[in-house]
Amino acid sequence: MKLHQIIFSPTGGTRRVSEILCKGMGKESVVTDLCVKAADIQLPDIHEDDLAVIAMPVFAGRVPALAVERLRRVNPHGAKCVVVAVYGNRAYDDALLEIQDVASEIGFRVIAAVGAVAEHSIIRIYGKGRPDADDEQMLRQFGADILRKAEGSDCSMPQVPGNRPYKKGGKVPHPKGRRGCNRCGVCARQCPTDAIPLSDPKKVDAAKCISCMKCVSVCPTGSRSIGVVMNFLATQGLKKPCATRKENELYL
């Protein structure tokens, strides 16, 4: 059995959750990163007896459409998988159900699911430091539980919360280069949608941008953001739903 990580992780939180689960399984894994430029995607070679961890972030209660589009290009050959929705301590709404539906539609056998908390991709004070030590202990143990199920004959699909039709995704502000931007082009070279022109990285093509915040996370000068006003409004809007610590939800 080969272990695969199929991830869309713009700011690193989703990758971290996936890595912890895999550590709990005690196996080396092959990583397929879907949050890169289209030409750089290398689809995994999956076999029926393999196990995949499909980990996606939650954007306003949904899975990013680009992540879904790229996941649909994977040929699972009937392999088993665990689906993971990673959210910023607000809620994952219909995202976990959506990932499970897509994985099943393309031919995976979903045997486990996780709703996990990581730092919010825009307002980092929410979910700050997550996954933390308690999360890691829980996720590692669950990784071991998943492996035992995968190695057995039980291929039952877990029941996860969510609604069909899925909720309508909300609008998220587009980050731009602000004061301090030296036009180095790191953001443009790593943007998965080519929304940032290399000739003028301070700008953004709003029609292409999916507000994944990868450009913010990789900016070496910390000068890319959604702006002071939008940051304040988003902070206030999330204050109540993010006030209490959310715990990871595990389904086997």
Side-chain angles (χ1 to χ4, degrees), residues 7-18 33-38 40 55-68 70 85-93 95 116-132 168-246:
I7 61 173
F8 190 93
S9 183
T11 60
T14 300
R15 177 187 285 268
R16 177 65 178 145
V17 170
S18 179
D33 187 358
L34 300 180
C35 191
V36 296
K37 292 188 181 297
D40 296 332
M56 304 284 175
V58 179
F59 289 2
R62 292 289 303 278
V63 185
L66 181 65
V68 171
R70 292 178 173 182
V86 181
Y87 67 106
N89 201 56
R90 183 191 67 81
Y92 57 82
D93 296 305
V117 179
E119 284 189 7
H120 197 282
S121 62
I122 302 176
I123 310 301
R124 305 304 289 258
I125 61 171
Y126 299 126
K128 186 174 179 61
R130 312 261 322 257
D132 58 19
K168 185 177 180 180
K171 291 184 177 181
V172 182
H174 306 297
K176 298 179 181 179
R178 311 284 174 174
R179 180 180 298 178
C181 173
N182 60 11
R183 294 179 170 82
C184 68
V186 170
C187 57
R189 285 189 287 272
Q190 295 201 36
C191 176
T193 65
D194 290 316
I196 305 170
L198 188 58
S199 59
D200 190 0
K202 292 189 73 172
K203 296 183 178 180
V204 62
D205 185 339
K208 292 182 178 180
C209 178
I210 61 171
S211 300
C212 70
M213 303 298 152
K214 185 170 187 177
C215 60
V216 176
S217 69
V218 302
C219 177
T221 61
S223 57
R224 200 165 185 89
S225 74
I226 60 174
V228 175
V229 174
M230 290 304 301
N231 188 280
F232 173 79
L233 293 174
T235 300
Q236 294 304 304
L238 290 168
K239 189 173 184 178
K240 185 176 180 179
C242 292
T244 59
R245 177 187 173 96
K246 308 298 192 306

Below 4.5 Å, heavy atoms only, C-beta onward: do [X] and [Y] meet side chain to side chain?
{"X": "Pro201", "Y": "Cys184", "value": "no"}
{"X": "Asp93", "Y": "Tyr87", "value": "no"}
{"X": "Val36", "Y": "Pro192", "value": "no"}

request  = Just jot down the side chain to side chain contact (heavy atoms under 4.5 Å, CB included) partners of Val172, sequence neighbours excluded, or say none.
outcome  =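 Listed in chain order: Ile122, Ser211, Met213.
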Once rounded to the nearest 0.5 Å, what's the spacing between atom [atom1] of [X] and atom [atom2] of [Y]?
{"X": "Leu238", "Y": "Leu233", "atom1": "CG", "atom2": "CG", "value": "11.0 Å"}
{"X": "Phe59", "Y": "Leu66", "atom1": "CZ", "atom2": "CG", "value": "9.5 Å"}
{"X": "Cys191", "Y": "Leu198", "atom1": "SG", "atom2": "CG", "value": "11.5 Å"}
{"X": "Arg90", "Y": "Ile123", "atom1": "CZ", "atom2": "CD1", "value": "13.0 Å"}
{"X": "Arg62", "Y": "Met56", "atom1": "CZ", "atom2": "CE", "value": "13.5 Å"}

task = May I ask you to say whether Lys37 pairs ionically with Asp194, meaning some side-chain N is under 4.0 Å from a carboxylate O?
result =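 Answer for the salt bridge query: yes.
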Please report the shortest heavy-atom distance between [X] and [Y], naming the atom on each side.
{"X": "Cys215", "Y": "Ile196", "answer": "CB-CD1, 3.7 Å"}
{"X": "Cys209", "Y": "Val204", "answer": "CB-CG2, 3.7 Å"}
{"X": "Ala85", "Y": "Tyr92", "answer": "CB-CB, 4.4 Å"}
{"X": "Tyr126", "Y": "Cys242", "answer": "CD2-CB, 3.5 Å"}
{"X": "Lys176", "Y": "Lys202", "answer": "CB-O, 3.7 Å"}
{"X": "Ser223", "Y": "Arg179", "answer": "CB-O, 3.3 Å"}

ask   = Asp33 side chain to Cys35 main-chain N or O, any donor-acceptor pair under 3.5 Å?
value =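 Checking the backbone N and O of Cys35 against the side chain of Asp33, a donor-acceptor pair under 3.5 Å is found.
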Expected list for residues 10-18: side-chain donor-acceptor pairs under 3.5 angstrom, two or more places apart:
| residue | atom | partner | partner atom | Å |
| --- | --- | --- | --- | --- |
| Arg16 | NH2 | Glu136 | OE1 | 3.1 |
| Ser18 | OG | Gln5 | OE1 | 2.7 |

For Arg70, all residues meeting salt bridge (Lys or Arg N to Asp or Glu O under 4.0 Å), sequence neighbours excluded =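 Scan of Arg70 (salt bridge (Lys or Arg N to Asp or Glu O under 4.0 Å), adjacent residues dropped) gives none.
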Side chain to side chain donor-acceptor pair (under 3.5 Å) against [X], all qualifying residues, sequence neighbours excluded:
{"X": "Arg224", "result": "none"}
{"X": "Thr193", "result": "none"}
{"X": "Glu119", "result": "Arg124"}

